[in-house]
J.: 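Take this structure first; my questions come after.
For ligands, and for the atoms within them, numbers begin at 1 and follow the listed sequence. For the numbers below, each heavy atom of this structure counts, side chains included, while hydrogens, waters and symmetry mates do not. The structure displayed is predicted, hence computed values, not measured ones.
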Amino acid sequence: MKPVEPAIARLAALAQEQEAPRLDEGTVLLVDDDGIVRMLTAAGLAERGWRVIEADCGARALELFERERPQVIALDAVMPDPDGFAICERLRRLPGGAHVPVVMLTGLDDEQSIGRAYDAGATDFFVKTPGRWTLLSQRLRYLTRSSRVREELARSQAELLKLANFDALTALPNRRHFHEIFGDELQRARARDTRLGLLLVGVNRFRQINDSLGPRAGDQLLLEISRRLIEALRRDDATSRPRVVARVGGDEFALLLPDLKSEAELDRVAARALDVFQQPFPVDGQELFITTSIGAVVFPADGDEVDALLGRSDLAMRAIEEQGGSGCLRYTERMNTTRRAHWKLESDLHRAIGLQQLRLLYQPKIDAATGRIVGAEALMRWQRDAELVSPAVFIPAAEDSGLIVPITEWALGEACRQLDAWHRAGLGRIPVSVNISGFHLQRGNLTAPVKACMQAFGISPGLLELEITETAMMRNLDVVLPQLRALKALGVVLSIDDFGTGYSSLAYLKRLPIDILKIDRSFVGELETSRDSAALVAAIMAMGQGLKLDVVAEGVETPAQMQRLADRGCRFMQGFLFSRPVPPDQFAQLLAQGSRSDWCASAGQCPPPADGGEGSDR
Ligand code: C2E
Ligand code: MG
Ligand code: MG
């Protein structure tokens, strides 16, 4: 036994812990075959807040490392076989051992052993000097901290990489990452002269589902779809390259098929993907039936760049969606031509406002009891050079491109200006209605422009009416309802257009601050032929009465239709029987005619034709 000085004995006693040092520096594994040196070092470190675990040989050191996972290792270089250098090398190969800081304790302050320590994978070295525990402790502390920082950095880098590349909900590659994968696979396919298939899978009506059931249910649905798609791909025959499922949009998944052997393989996988949607999806305690639109492209036949192929699969997907969905369509060149024509339409429409190519025609609404005009509906036309474009064509394009907002604002201003002009011309004040697109309503910015137009032309309450289709009103009540209330507060009259085509219930209608129901013209057209339509008109009349709403019948073309409507208590009508939509000056002439007996249903008490009208004698 070596002589032990009293000071050393005191330190050793401390190591046996009587003062319970603060062990907040972490755990150090101290490896030294020399019992005394080990004890002294352990005591010195324990006094400085380290929890020290000790090993006297390599085998024990490796065992303790695996069991205790120390934050740092202090390793004596000179030991009987294996020496510190060999132990360090072995440690580095253990799971979790690659990055733990290792300080080689050496008595030999020479270049060679320092070099050996680094070669063996040591992080640092420390020349053993009895009593310099503070220095050693600080060195260990510095190393553990920097290792911790490095670890955290690596963790957050991995996390960031994951966030940047993978969808948080489904854990599938996101659009960005898919772009990279797709690019790599394309390069491979080019080099090896192989084919590559891409299926773009869109979930039809996902937005409506999300809106009506809430985002949690939407998430549930997407998760289940991704699970089934992965399984559908896996079920297929083994291929040389792994197939990839990615989430490339809110409601879009991409299936990438490298090394595509044949068109038949593409069809087979597409059929599997379609199959995924055959079974209902359990969402929020109910079973949902979902349809899908799948667009398919093949490299090199349909394009040879990532963007072109993705864009074309999107065109094919939208083409099937427009056909009503559920199915798979392979991209064709014609889809591109149609899309280009659409873009051209959009860009021309952009200029239409500036070029003053938009016009409003006015169609009278009449009171079949008096034969008088009681209002006008403003209907837009686009004079695209020599061609007069119907709103059925350009309104959807305006909605797609967002142009609907400036176009509607123009229509509101123009209708108010016209209203004021007729009034100034002594033609009285009749309400004018403007059609509002559902898209505009969903954007939630309608009140300000309406207010501005009304103020600019001094429009009194009750004179400006907005027609909003039933389906547009029904979607997203959270956004719609506050706007409708704000519009009502401005004195705007609200009517539901094309009523009867949606599925509004009475309870639902009661919540809306509306004034008028406009019966869809399809029911009016079938009044004489379809019992259902006649019953529906009667039901709408009853609804209107119950809710104290005016009812206007659209699309009245024959005196018989007018009569049937009047018999069912419908007084207000609009249709070609009375007048087509006409330019403002012709509408002024109609207004000047006053009441007309040929616009009266027999149930009404029509006055004799008024002045200005044909055969007028009043
Ligand atoms: P809507 O609001 O339901 O307008 C009634 C449509 O029925 C008009 O077609 C009108 O010309 C037509 N019509 C009127 N009476 C008869 C009839 O007796 N028989 C037949 N067969 N049709 C009749 P138009 O002008 O082509 O407008 C079509 C749709 O385009 C409108 O349906 C409306 O939804 C939309 N629209 C028109 N102008 C605008 C506008 O300024 N803004 C917006 N957002 N949409 C508009
Ligand atoms: Mg309308
Ligand atoms: Mg309508």
J.: Considering only heavy atoms of Gly555, which atoms of ligand 1 have at least one such atom less than 4.0 Å away?
T.: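 Those atoms are 15 (N), 16 (C), 17 (C), 18 (O).
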
J.: Does ligand 1 come near enough to Thr408 that some N or O of the ligand is less than 3.5 Å from an N or O of the residue?
T.: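 In this structure, Thr408 places no N or O atom under 3.5 Å from an N or O of ligand 1.
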
J.: When only distance counts, is Ile395 in polar contact with ligand 1, meaning an N/O pair under 3.5 Å?
T.: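 No, Ile395 has no N/O under 3.5 Å of an N/O on ligand 1.
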
J.: Compute both the distance and the angle, then confirm whether Arg580 meets the cation-pi test with Phe576: under 6.0 Å from the six-membered ring centre, within 45 degrees of the axis.
T.: yes

J.: Is the closest side-chain donor-acceptor distance between Glu399 and Ser437 under 3.5 Å?
T.: yes

J.: Have a look at Leu464 and tell me which of Leu487, Leu490, Val434 forms a side chain to side chain contact (heavy atoms under 4.5 Å, CB included) with it.
T.: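 Single side chain to side chain contact (heavy atoms under 4.5 Å, CB included) partner of Leu464 among Leu487, Leu490, Val434: Val434.
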
J.: Mark yes when over 12 heavy atoms from residues, nucleotides or ligands other than Gln356 sit less than 6.0 Å from its CD; otherwise mark no.
T.: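 No, because the 6.0 Å sphere around CD of Gln356 holds 12 heavy atoms or fewer from other groups.
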
J.: Checking one value in my table: which N/O/S atom of Glu377 lies closest to the Mg ion (ligand 2)?
T.: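 For Glu377, the N/O/S atom sitting closest to the Mg ion (ligand 2) is OE2.
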
J.: Does ligand 1 come near enough to Ala392 that some N or O of the ligand is less than 3.5 Å from an N or O of the residue?
T.: no

J.: Applying a heavy-atom cut-off of 4.0 Å, say which part of Asp497 lies close to ligand 1: side chain, backbone, both or neither.
T.: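 Only the side chain of Asp497 comes within reach of ligand 1.
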
J.: For Leu379, which part has a heavy atom under 4.0 Å from ligand 1: side chain, backbone, both, or neither?
T.: both

J.: Relative to the ring of Trp422, is the ring of Tyr362 parallel (under 30°), tilted (30 to 60°) or perpendicular (over 60°)?
T.: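 Perpendicular.
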
J.: Where does Glu377 meet ligand 1, judged by heavy-atom distances below 4.0 Å: at the side chain, the backbone, both, or neither?
T.: side chain

J.: Using side-chain heavy atoms (C-beta onward) and a distance below 4.5 Å, is Ile496 in contact with Ile468?
T.: no

J.: Output yes when the distance from some N or O of ligand 1 to some N or O of Gln574 is under 3.5 Å, and no in every other case.
T.: no

J.: At a non-hydrogen distance cut-off of under 4.0 Å, which region of Thr469 contacts ligand 1 (side chain, backbone, both, or neither)?
T.: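 It is neither part, as no heavy atom is under 4.0 Å.
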
J.: Salt-bridge test for Lys451 and Glu409: reply yes if a basic N is under 4.0 Å from a carboxylate O, no otherwise.
T.: no

J.: Could you grab the angle centred on the Mg ion (ligand 2), going from OD2 in Asp497 to OD1 in Asn435, to 10°?
T.: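 Between OD2 of Asp497 and OD1 of Asn435, at the Mg ion (ligand 2), the angle is about 90°.
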
J.: Taking side chain as C-beta onward, heavy atoms only, is Trp382 less than 4.5 Å from Leu388?
T.: no

J.: With a 4.0 Å heavy-atom cut-off (strictly under), which part of Arg521 contacts ligand 1: side chain, backbone, both or neither?
T.: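 Within the 4.0 Å criterion, Arg521 contacts ligand 1 through side-chain atoms alone.
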
J.: Would you mind telling me if ligand 1 is within reach of the side chain of Lys518, the backbone, both or neither, using heavy atoms under 4.0 Å?
T.: neither

J.: Write the atom name of the N, O or S atom in Glu467 that is nearest the Mg ion (ligand 2).
T.: OE1

J.: Check this for me: does any side-chain nitrogen of one of Arg359 and Glu414 sit under 4.0 Å from a carboxylate oxygen of the other?
T.: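 The answer is no: the pair does not qualify as a salt bridge.
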
J.: Run the numbers for me: atoms of ligand 1, each under 4.0 Å from some heavy atom of Glu557, listed by number.
T.: 17 (C), 18 (O), 19 (N), 20 (C), 21 (N)

